[in-house]
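Just so we're on the same page: letters track the sequence lines, and every chain starts at 1.
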Amino acid sequence: MTNINIISEAQLAEVVASATQPLNIEGRGTKRGFGRPSLPLPTVSLAALSGVTAYEPAELVLDAKPGTTVADIARLLAAQNQELAFEPPDLGPLLGAAPDAGSIGGAIACNLAGPRRLKAGGARDHLLGFSAVSGRGEIFKAGGRVVKNVTGYDLCKLMAGSFGTLAIMTALSLKVLPAPEKTRTLLLLGLDHAAAWEAMTKALSSGHEVSAAAYVPAGLAAALQEERLGDGLTVTALRLEGTALSVADRMAALRALLGGRTEELHTANSRAFWRRIGDVAPFVGDARAVWRISAPPSGGVTLAQAVESIPGAEIYFDWGGGLAWAAVPDTGDAAAAVIRAAVAAAGGGHATLVRATDATRAAVPPFQPAPPPLAALEARIKNVFDPRGLFNPGRMWA
Amino acid sequence: MTLCMPAPDAAVIARRAAIAQVLRGLVPPANVITHEDALKAYDSDGLTAYRQPPMIVVLPETTAQVSAVLAYCTREGIKVVPRGAGTGLSGGALPLADGITLGLGKFNRILEIDFPNRCIRTQPGVTNLALTQGVAHAGFYYAPDPSSQIACTIGGNVAENSGGVHCLKYGVTSNNILGLEAVMIDGTVIRIGGKHVDAGGYDLLGIMTGSEGLLAVITEVTVRILPKPTTAKALLLGFPSNETAGACVSAVIAGGIIPAGMEMMDRPAIHAVENFVHAGYPLDVEAILIVELDGPASEVEELIARVEAIARTAGACYCRVSTTEAERLAFWSGRKNAFPAAGRISPDYYCMDGTIPRGALSKVLARMREMETRFGLAVANVFHAGDGNLHPLILYDANKPGELDRAEAFGAEILKLCVEVGGVLTGEHGVGVEKRDLMPVMFNDVDLAQQQHVKCAFDPQGLLNPGKVFPTLHRCAELGRMHVHGGKTAFADLPRF
Ligand SMILES: Cc1cc2nc3c(=O)[nH]c(=O)nc-3n(C[C@H](O)[C@H](O)[C@H](O)COP(=O)(O)OP(=O)(O)OC[C@H]3O[C@@H](n4cnc5c(N)ncnc54)[C@H](O)[C@@H]3O)c2cc1C
């Protein structure tokens, strides 16, 4: 199928306005396998519409075109001791693509966020403004370049998580933040599910400003490639960030609060650990289907038990138990029924099939089906951005 | 100044008694208000320059009643204006002569406090402060803290995406809510999100937040709560000029520090406040900054020292660090009473709310001084300096002919300046009717049409809070056929209703 390489906003508007058939929309194509399988249609690629157009460290704002890689942006920010605080994960390797290849447009459009989500917010919270081309072939903008802004509807929120189905972003303004000076992680080893939840809840309810909290069962701990985990124990990990003195003090306080058998990861080791958690390293390179589940943190134990009762399935948790990654055999419905029932039993939320074969993703709705009134509203929203149904047909819903 | 609102529908007004009768069958009869005197209490919100008694006030008590009222209004083509506590500063809850004001005041219960999931499920009429009070015993709080927090409702906060002095570090309303229940104008009840993070599907939670009562009526909110920081300390800094104070703000941020709050006041504001609450502010400076650091004790100590050093380098001529909680609160008492203090030095004041890039602070202040001369009115400035959100208070006397008009023209000029330097028209108070006609300064016709398309997806008949936010009303069908060339619609000269 043809590939249409976009090099300017005006060209994109022209392409859309004159389109005679629907289009697949992609940034750098690293998440092609996420969502329903794409249809054989011409693909509009934003890869060449790239580059950082402005970066003002003192204003905490960076403007980029959608095809810029997240990795390039991260390098630029790191030189000023800043970062994208939502820790955009790199799901490329999980989905069979190269590492560090994903675009910023794609990261925002998929609304993905890493371990710091529970403290710093998600991708949705860091998009300050954008320009885009709607399905009418019109160029429009929304938001701005400042954090405090309530001028008009917050269309940035709709862009984040719309998987290219509403409008094609051509320029983004992002909120950036100072990177923490120090990072350390406390590892509690050998806690069972219930004890792990108690520890994470205690830590997150304390004043110690825990910026990430994960639980990895024994079977998966080895995949985190951290020698201190070693001997087949579960790992409950809690991250502290801030100034050196503060991190040291809080680490001592946290250890006193939680006790038990502990280890610590410092600086680079801590960073590598959380990257693997966020990038779903435990499930890279195997053939199973992978689910991403958002549910109330307290429902995590129920969820874990449900998934672990499926033969060949494994699960681990981030966001203090509020986010689960589960790998299940890619057969039948890839355990969709079991998992979605478990999410309901855990107090509601959503389960998204992030990785599976084309056949499975065509048969099982990858995105959690919404109740009828919400689904109807979402369809109307789709229609007011893209009335001709041009963008990514079938990507989110059949 | 007279405000252009959509022409009232005489046919609807003529049926007022019959409509009230029907409504008395849908909600407890005592909750339908039609008496002229009683309606007066609802004739404006915090933007008191504009007043209009509503046709009828309805105070439903349950989601089912809200649904029944809205379904009836849709069938009969009656306009509806949602209302929380009426503290809004942009006229978002300004009633319509032919519309029902739907008050959420009876939705005043916290429904559930869930500590393991660190959230509160609440009805929308609960005040912002009551949420924090409801969980304070366990060491938690709800972070966004608008200065109006004793009065404003969480429903109103969601509708306006309100901020507060601590949102520099902790975010505004949209960063702190997890779920909503809302009723669409046709009576359909929707539930968005819950106790989990990221609602899933299109971010309806995000688009509802800050929608100023134009998309749906909020009947339940789930908010995130945070553990209270173990320590909080504040610095009170004085500067010989606005430029040096502005430079200090930028230097703190550039130094990698995000304080919990960083507030600035200029000389007129300092004097007004000091005479009123005696907060202990220095009077021989041109500007003060209050910088608050919170979190673990050792970090607070370390950062206080760093901010102090940065301030000295930037040229601070006064520096005091709070040594007790009482002293810290005294620093804030001045800032939190800035609006009433302005009310004491001037018969009336008009509060603006633009946001600018931090770096443009001193330039914008200098331009404002020029404007003071031109408009013949004085300004006292308070701002959320850390995030560039200005609150110039334009001092005027409504009893002097022409002063209100001049104040409004001055305000409009300030907001245009905000946009000119790369900022926006409103940081937290909303567009409402106040900045409605300025929207084209920031957005072209296509931008605005795309937003109105979103309105159509929720409210195709345009019955929910019409006349707010958008400078022109388009019927949804006509919007669909609109042709746009180079950012201008074919209806560019369409009359503003
Ligand atoms: C002295 C003072 C200080 C203030 N300080 C701040 C501040 O620091 N930060 C800040 O952000 N704001 C501030 N404000 C503005 C105001 O308090 C906020 O905008 C607040 O959120 C409004 O809440 P409310 O309940 O009074 O809403 P209202 O004024 O009643 O309504 C505001 C808007 O929300 C809509 N609405 C209300 N409830 C609902 C609902 N349940 N469903 C759908 N729509 C609804 C209305 O239609 C209207 O458009 C201040 C106001 C005053 C008077």
(request) Return the option, out of B/Lys195, B/Glu428, B/Arg118, with the maximum number of heavy-atom pairs under 4.5 Å with chain A. (result) B/Arg118
(message) Return the CG to CG distance between B/Leu204 and A/Leu158, rounded to the nearest 0.5 Å.
(response) 7.0 Å
(message) Could you tell me if the side chain of B/Val197 sits less than 4.5 Å from the side chain of A/Leu323, heavy atoms only?
(response) no
(message) Using side chain to side chain contact (heavy atoms under 4.5 Å, CB included), reason through B/Arg306 and A/Thr243 one step at a time and then give a plain yes or no.
(response) CA-CA 11 Å; B/Arg306 280 198 220 171; A/Thr243 63; 3.5 Å; yes
(request) Measure distances from B/Pro357 to the heavy atoms of chain A and classify the residue's part below 4.5 Å as side chain, backbone, both or neither. (result) both
(message) Please rank A/Met396, A/Arg117, A/Glu56 by heavy-atom pairs under 4.5 Å with chain B and give me the top one.
(response) A/Arg117
(request) Identify which of A/Ser134, A/Pro297, A/Ala253 forms the greatest number of heavy-atom pairs closer than 4.5 Å to chain B. (result) A/Pro297
(request) Look up atom CD in A/Glu241 and atom CD in B/Glu299, then write down how far apart they are to the nearest 0.5 Å. (result) 10.5 Å
(message) I'd like to know which of A/Met200, A/Arg145, A/Lys141 tops the heavy-atom pair count under 4.5 Å against chain B.
(response) A/Lys141
(message) Taking side chain as everything from C-beta outward and backbone as N, CA, C, O, which of these in A/Trp197 sits under 4.5 Å from a heavy atom of chain B? Side chain, backbone, both or neither.
(response) neither
(message) For a quick test of reading the model, state the closest non-hydrogen atom pair linking B/Pro296 to A/Arg250 and the distance between them.
(response) CG-CD, 3.0 Å
(message) Measuring only between side-chain heavy atoms, which start at C-beta, is B/Val454 closer than 4.5 Å to A/Ile381?
(response) no
(message) Does anything in residues 365-377 of chain A reach chain B? List residues with heavy atoms under 4.5 Å apart, or say none.
(response) A/Pro373, A/Leu374, A/Leu377
(message) If we define contacts as heavy-atom pairs under 4.5 Å, which of B/Glu301, B/Glu212, B/Arg358, B/His429 has the most with chain A?
(response) B/Arg358
(request) Please look at A/Lys382 and chain B and tell me whether the side chain, the backbone, both or neither of the residue comes under 4.5 angstrom of a heavy atom of that chain. (result) both
(message) Looking only at heavy atoms and a cut-off of under 4.5 Å, which of B/Ala457, B/Gly206, B/Gly388 has the most pairs with chain A?
(response) B/Ala457
(request) Side chain from CB out, backbone as N, CA, C, O: work out which of these in B/Cys167 comes under 4.5 Å of a heavy atom of chain A, or both, or neither. (result) side chain
(request) Counting only heavy atoms closer than 4.5 Å, note whether B/Val249 contacts chain A via side chain, backbone, both or neither. (result) neither
(request) Measure distances from B/Ala297 to the heavy atoms of chain A and classify the residue's part below 4.5 Å as side chain, backbone, both or neither. (result) neither
(request) Pick one of side chain, backbone, both or neither for A/Glu181, based on which atoms fall under 4.5 Å of a heavy atom in chain B. (result) side chain
(message) Can you confirm whether A/Val343 sits close enough to B/His196 that some side-chain heavy atom of one is under 4.5 Å from a side-chain heavy atom of the other?
(response) no
(message) Tell me the closest heavy-atom pair linking B/Leu205 and A/Arg124, and the distance in Å.
(response) C-NH2, 4.4 Å
(message) Measuring from atom NE2 of B/His384 to atom NZ of A/Lys148, what distance do you get when rounded to the nearest 0.5 angstrom?
(response) 4.0 Å
(message) For B/Asn389, which atoms come within 4.5 Å of any heavy atom of chain A: side chain, backbone, both, or neither?
(response) side chain
(message) Any heavy-atom pair between the side chains of B/Ile207 and A/Leu155 that's under 4.5 Å?
(response) yes
(message) Heavy-atom cut-off 4.5 Å, strictly under: side chain, backbone, both or neither for B/Leu448 against chain A?
(response) neither
(message) So for A/Asn81, is it side chain, backbone, both, or neither that comes closer than 4.5 Å to the heavy atoms of chain B?
(response) neither
(request) Go through A/Val147, A/Leu177, A/Leu245 and name the one with the most non-hydrogen pairs under 4.5 angstrom from chain B. (result) A/Leu245
(request) Check each atom of B/Lys455 against the heavy atoms of chain A and say whether the ones under 4.5 Å are side chain, backbone, both or neither. (result) both
(request) Could you tell me whether a side-chain N or O of A/Ser246 sits under 3.5 Å from a main-chain N or O of B/Ser298, the two making a donor and an acceptor? (result) no
(message) Under 4.5 Å from any heavy atom of chain B, what part of A/Phe385 do you find: side chain, backbone, both or neither?
(response) both
(message) Counting C-beta onward and ignoring hydrogens, is there a side-chain heavy-atom pair between B/His453 and A/Asn383 closer than 4.5 Å?
(response) no
(message) Taking every non-hydrogen pair under 4.5 Å, which of A/Arg380, A/Lys202, A/His350 racks up the most with chain B?
(response) A/His350
(request) Tell me, for B/Met184 versus chain A, whether the close heavy atoms (under 4.5 Å) come from the side chain, the backbone, both or neither. (result) side chain
(request) Please check if atom NZ in A/Lys182 has more than 12 non-hydrogen atoms from other residues, nucleotides or ligands closer than 6.0 Å. (result) no
(message) If you count heavy-atom pairs within less than 4.5 Å of chain A, which of B/Thr355, B/Asp447, B/Ile356 leads?
(response) B/Asp447
(message) Nearest 0.5 Å, please: how far is CG in A/Leu118 from CZ in B/Arg224?
(response) 8.0 Å
(message) At a heavy-atom distance under 4.5 Å, which candidate from A/Ser131, A/Ala142, A/Ser294 has the highest pair count against chain B?
(response) A/Ser294
(message) If you count heavy-atom pairs within less than 4.5 Å of chain A, which of B/Ser162, B/Ser174, B/Gly295 leads?
(response) B/Ser174
(message) What's the separation between atom CG in B/Asn444 and atom CZ in A/Phe140, rounded to the nearest 0.5 Å?
(response) 11.0 Å
(request) Using a heavy-atom cutoff of under 4.5 Å, enumerate the residues of residues 203-213 of chain A that contact chain B, numbered in order, or state 'none'. (result) A/Leu204, A/Ser205, A/Ser206, A/Gly207, A/Glu209
(message) Can you tell me which portion of B/Met439 sits under 4.5 Å from chain A's heavy atoms? Options are side chain, backbone, both or neither.
(response) side chain
(message) Can you tell me which of B/Val469, B/Val172, B/Ile258 forms the most heavy-atom pairs within a distance under 4.5 Å of chain A?
(response) B/Ile258
(message) Is A/Ser298 close to chain B through its backbone or its side chain, or both, or neither, when contacts mean heavy atoms under 4.5 Å?
(response) both
(request) State the CG-CG distance between A/Asp125 and B/Asn175, to the nearest 0.5 angstrom. (result) 4.5 Å
(message) Report which part of B/Thr426 has an atom under 4.5 Å of a heavy atom belonging to chain A: side chain, backbone, both, or neither.
(response) both
